[in-house]
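Some notes on the structure that comes next.
Just so you know, these numbers use all the heavy atoms, side chains as well, and skip hydrogens, waters and symmetry mates. Sequence lines set the chain letters: A, B, ... in the order given, protein chains first and strands last, and positions in each chain run from 1.
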There are 4 protein chains.
Amino acid sequence: MDGATTPARGRKRSEQTRLAILTAAYELTTEVGFPEVTVEGIAARAGSGKQTVYRWWPTKADVLLEALALKADLKISTADRGSFDAELDAFLRDSAALMAFPGVAPVLRSLMAEAQRDADFRRRFQDGFLSKRRAALETIVERAAVRGDKPADLTAGFTADLVFGLIWYRVLATDRLLDQADITAMRRLLNEHTGE
Amino acid sequence: MDGATTPARGRKRSEQTRLAILTAAYELTTEVGFPEVTVEGIAARAGSGKQTVYRWWPTKADVLLEALALKADLKISTADRGSFDAELDAFLRDSAALMAFPGVAPVLRSLMAEAQRDADFRRRFQDGFLSKRRAALETIVERAAVRGDKPADLTAGFTADLVFGLIWYRVLATDRLLDQADITAMRRLLNEHTGE
Amino acid sequence: MDGATTPARGRKRSEQTRLAILTAAYELTTEVGFPEVTVEGIAARAGSGKQTVYRWWPTKADVLLEALALKADLKISTADRGSFDAELDAFLRDSAALMAFPGVAPVLRSLMAEAQRDADFRRRFQDGFLSKRRAALETIVERAAVRGDKPADLTAGFTADLVFGLIWYRVLATDRLLDQADITAMRRLLNEHTGE
Amino acid sequence: MDGATTPARGRKRSEQTRLAILTAAYELTTEVGFPEVTVEGIAARAGSGKQTVYRWWPTKADVLLEALALKADLKISTADRGSFDAELDAFLRDSAALMAFPGVAPVLRSLMAEAQRDADFRRRFQDGFLSKRRAALETIVERAAVRGDKPADLTAGFTADLVFGLIWYRVLATDRLLDQADITAMRRLLNEHTGE
DNA sequence: AACTAAGCGAGACGGTACGTCGCGTCTTGCA
DNA sequence: TGCAAGACGCGACGTACCGTCTCGCTTAGTT
């Protein structure tokens with residue numbers, strides 16, 4: 001119900017243009033870097049008018065946030081793997097793989113940067129990206145709690161802060177991404193006193 | 001010795017102007033937020049010319065980086081407190097206090113954001129801020145290793161990534177700062193298997 | 001035919017803004033003098049953006065050159081009056097009247113000065129103003145030649161140099177404009193040996 | 001008397017620096033054109049400080065006005081040659097020669113342009129250059145009046161306006177200098193009705 | 001088939017800040 | 001006191017994008 005939202009008169013939104021804009025934004029960002037990307041530049045490369053960009057996205061960061069979903073596989077498996085450690089391992093591997101996907105790390109760094117500058121986008125970035133990933137990890141921790149193999153004194157929230165803290169700090173403040181050693185160290189740290 | 005530096009001809013740099021610019025930049029940032037701060041605005045409030053700002057700092061972020069040292073006490077105690085846990089506790093308290101200092105959290109968020117946009121500033125931010133704090137924490141971990149109360153399988157680098165990851169992720173991605181519970185949780189996590 | 005000109009897409013140029021800019025430029029020049037006029041000032045008074053000025057005119061001198069055509073009647077009568085002397089008289093009176101029109105003398109002095117500084121504007125000033133007036137005077141001389149009452153050994157070009165030389169030298173190097181005595185002297189000089 | 005004007009204490013003005021500045025100004029003007037010449041540029045080329053330029057000359061145009069006297073022979077012969085025509089001929093040849101001297105025409109055009117922009121310099125340019133040459137020509141005309149071979153109805157002033165008008169209009173508004181034909185035409189014009 | 005919305009590419013518009021340039025003034029230390 | 005060096009306050013430059021606003025055209029329903 002509530003389907004009475006005006007029966008959609010006039011010309012329909014062009015899906016082709018939408019994709020052209022998202023692609024242009026993503027490519028431009030990888031080529032010249034986010035700060036050099038302009039709405040004018042996106043529109044020019046996409047062969048669209050500026051107005052068309054502004055009609056559907058409030059800022060260029062929002063274009064990129066949507067482009068990310070188009071370009072990279074953002075799905076994280078939260079399937080039950082029998083043990084907390086196995087699921088944590090899968091989660092960390094998935095996250096590392098996402099970061100290693102071409103163009104993803106620079107885009108995410110730019111979006112996190114933009115979230116510091118624009119409070120409105122910050123909220124959209126949290127809702128559209130950050131909290132989805134957080135929810136996945138918290139699901140794993142909570143399932144471990146039910147199952148009984150969760151480290152005794154870790155809350156889901158603190159665990160998420162730790163894990164995402166590591167991932168983000170690496171990409172934002174250092175020039176290294178997560179490697180196998182990091183994943184191993186994190187698993188050992190979070191598992192060692194499980195049974196205590 | 002070392003006398004090869006030109007004997008300083010011409011008018012000397014005005015220390016008064018330097019302080020006025022740093023103060024103006026810091027105040028403006030707390031008042032209107034970093035993105036709204038302009039070099040023109042800084043110069044206007046400081047009663048200086050734009051050129052004077054550009055003569056000594058490459059970007060407004062660099063002004064703010066230097067202003068931070070002026071406004072906030074950036075010293076972290078790395079004094080030997082007898083145990084790893086005591087020193088970690090002091091470090092975390094110091095860090096939490098710094099973040100809670102008026103204006104510091106917004107400024108640091110802005111500088112980290114800027115470091116994502118400007119590769120040159122990124123390096124200056126790392127050298128002038130990030131690596132100094134990292135070095136302090138690594139000192140603590142290494143002293144613990146010598147002393148023998150360091151958690152067995154933690155390297156200094158990974159420990160730093162974990163600790164700073166938590167601190168930065170909190171301020172960048174959430175709206176909460178470190179509290180006593182976080183400090184306790186982190187200490188317990190890093191100490192529990194010390195003797196194992 | 002001649003339809004090869006692109007069919008004019010996008011928003012059209014605002015005639016209202018064009019007039020506002022021309023008027024602002026002319027008024028500012030009479031109020032504070034050409035060197036104190038800035039493109040910023042013109043745009044501000046016209047209520048336009050600087051870019052709009054730069055989009056249509058290469059320099060502030062070009063704005064003024066066009067404003068001149070708007071503000072002052074630049075038409076010179078070259079109608080056949082029966083005799084060279086009568087037409088020369090009319091031409092000199094018209095020229096003196098133009099120079100006496102409010103604001104015109106300062107504007108023309110400024111444009112001639114600018115033509116010395118900027119070789120590109122020099123050409124536009126010649127094409128858009130100087131050679132038009134020259135052509136008018138040369139028309140008069142050539143008609144006199146046909147009619148037979150032209151001073152024997154004066155070419156059209158030299159006559160133009162003499163007449164415009166007098167007019168311009170007066171306004172540029174002295175502080176007096178042409179008066180009736182000057183017009184009489186010039187007519188006598190150029191007519192006396194007509195029949196010889 | 002009045003010799004009590006302080007016996008000149010302190011270091012004396014450096015004649016070497018004065019010449020270096022005048023030469024630098026003249027050369028720069030011929031090389032890059034007056035508008036591109038800056039006081040900073042003059043000082044840099046002369047190996048002096050900006051302050052030294054400002055101490056002795058109010059504007060760069062004044063430097064150039066003085067440099068002109070240094071670089072070009074500004075003397076005009078007003079010697080009695082027996083007839084008005086002979087003296088006029090000499091005057092016109094001298095003037096044409098001056099204009100043809102390397103660098104002089106561009107410099108004079110620039111100074112005349114500057115005189116339109118700066119009322120104070122205008123006066124100094126008139127006193128230091130224009131009226132000197134005018135005086136020379138008026139001397140010739142007045143001597144002719146005494147001698148009795150002056151064109152009957154020409155005043156000295158109007159004659160000067162005509163002659164200088166021609167010379168200046170040519171250099172300011174056209175791209176041709178005076179040639180032999182012009183001199184001949186002018187002589188014929190001003191002499192033909194001498195005996196009437 | 002005609003009418004009425006909307007979407008669209010194009011591009012002009014009012015703004016605002018950029019980073020640079022040159023102005024003319026003011027130390028600073030040496031001659 | 002003159003001078004070279006050079007920092008300073010100031011203000012305009014011409015450019016780049018911002019986000020908004022026509023403009024004429026295209027694409028769909030709705031009458």
- Item | For atom CZ of B/Arg13 and atom C1' of E/dC26, their distance in whole Å | 17 Å
- For C/Thr30 and C/Glu27, indicate whether the former's side chain and the latter's backbone hold a donor-acceptor pair under 3.5 Å. yes
- Note on the structure: note: A/Glu40, atom CD; F/dT15, atom C1'; distance rounded to Å ~ 12 Å
- Query: Nearest heavy-atom pair of A/Ser110 and A/Phe34: which atoms, and what distance?
  - Reply: OG-CB, 3.2 Å
- Query: Does NZ or CZ of B/Arg18 lie under 6.0 Å from the centre of the six-membered ring of B/Trp56, at an angle within 45° of the ring axis?
  - Reply: no
- Query: Can you tell me if A/Arg122 uses its side chain to pair, donor with acceptor, with the backbone of B/Leu172 under 3.5 Å?
  - Reply: yes
- Message: Rounded to whole Å, please give me the gap between NZ in A/Lys50 and C1' in E/dG7.
- Response: 18 Å
- Atom CD of D/Glu36 to atom P of E/dG22: distance rounded to whole Å? 8 Å
- Please give, in whole Å, the distance from F/dA5 P to B/Arg55 CZ? 16 Å
- Query: Would you say D/Lys50's side chain and D/Ala43's backbone share a donor-acceptor pair under 3.5 angstrom?
  - Reply: no
- Message: With nearest nucleotide decided by heavy atoms, which residue, B/Gln51 or C/Trp56, maps closer to the 5′ end of DNA chain E?
- Response: C/Trp56
- In terms of the nearest nucleotide of DNA chain F, which residue is placed more toward the 5' end: C/Lys60 or B/Gly49? B/Gly49
- Query: What is the distance from atom OG1 of B/Thr17 to atom CG of B/Leu22, rounded to the nearest 0.5 Å?
  - Reply: 10.5 Å
- Query: What is the distance from CZ of D/Arg45 to P of E/dG22, rounded to the nearest Å?
  - Reply: 15 Å
Give me the distances for all protein-to-nucleotides 23-26 of chain F N/O pairs that come in under 3.5 Å?
| unit_1 | atom_1 | unit_2 | atom_2 | d |
| --- | --- | --- | --- | --- |
| F/dG24 | OP1 | C/Lys12 | NZ | 2.8 |
| F/dT26 | O2 | A/Arg11 | NH1 | 2.9 |

- Note on the structure: Assert: residue with more 5' nearest nucleotide on DNA chain E, out of C/Thr17 and B/Thr38, is C/Thr17
- Rounding to a whole Å, what distance do you find between B/Ile42:CD1 and F/dG9:C1'? 16 Å
- Query: Contact class for D/Gly41 (heavy atom, under 4.0 Å): base, sugar-phosphate, or nothing?
  - Reply: nothing
- Query: Rounding to a whole Å, what distance do you find between D/Arg117:CZ and F/dA12:C1'?
  - Reply: 13 Å
- Could you list the residues that satisfy salt bridge (Lys or Arg N to Asp or Glu O under 4.0 Å) with C/Arg11, not counting sequence neighbours? none
- Message: For a quick test of reading the model: is some side-chain N or O of C/Thr52 closer than 4.0 Å to OP1 or OP2 of E/dG14?
- Response: yes
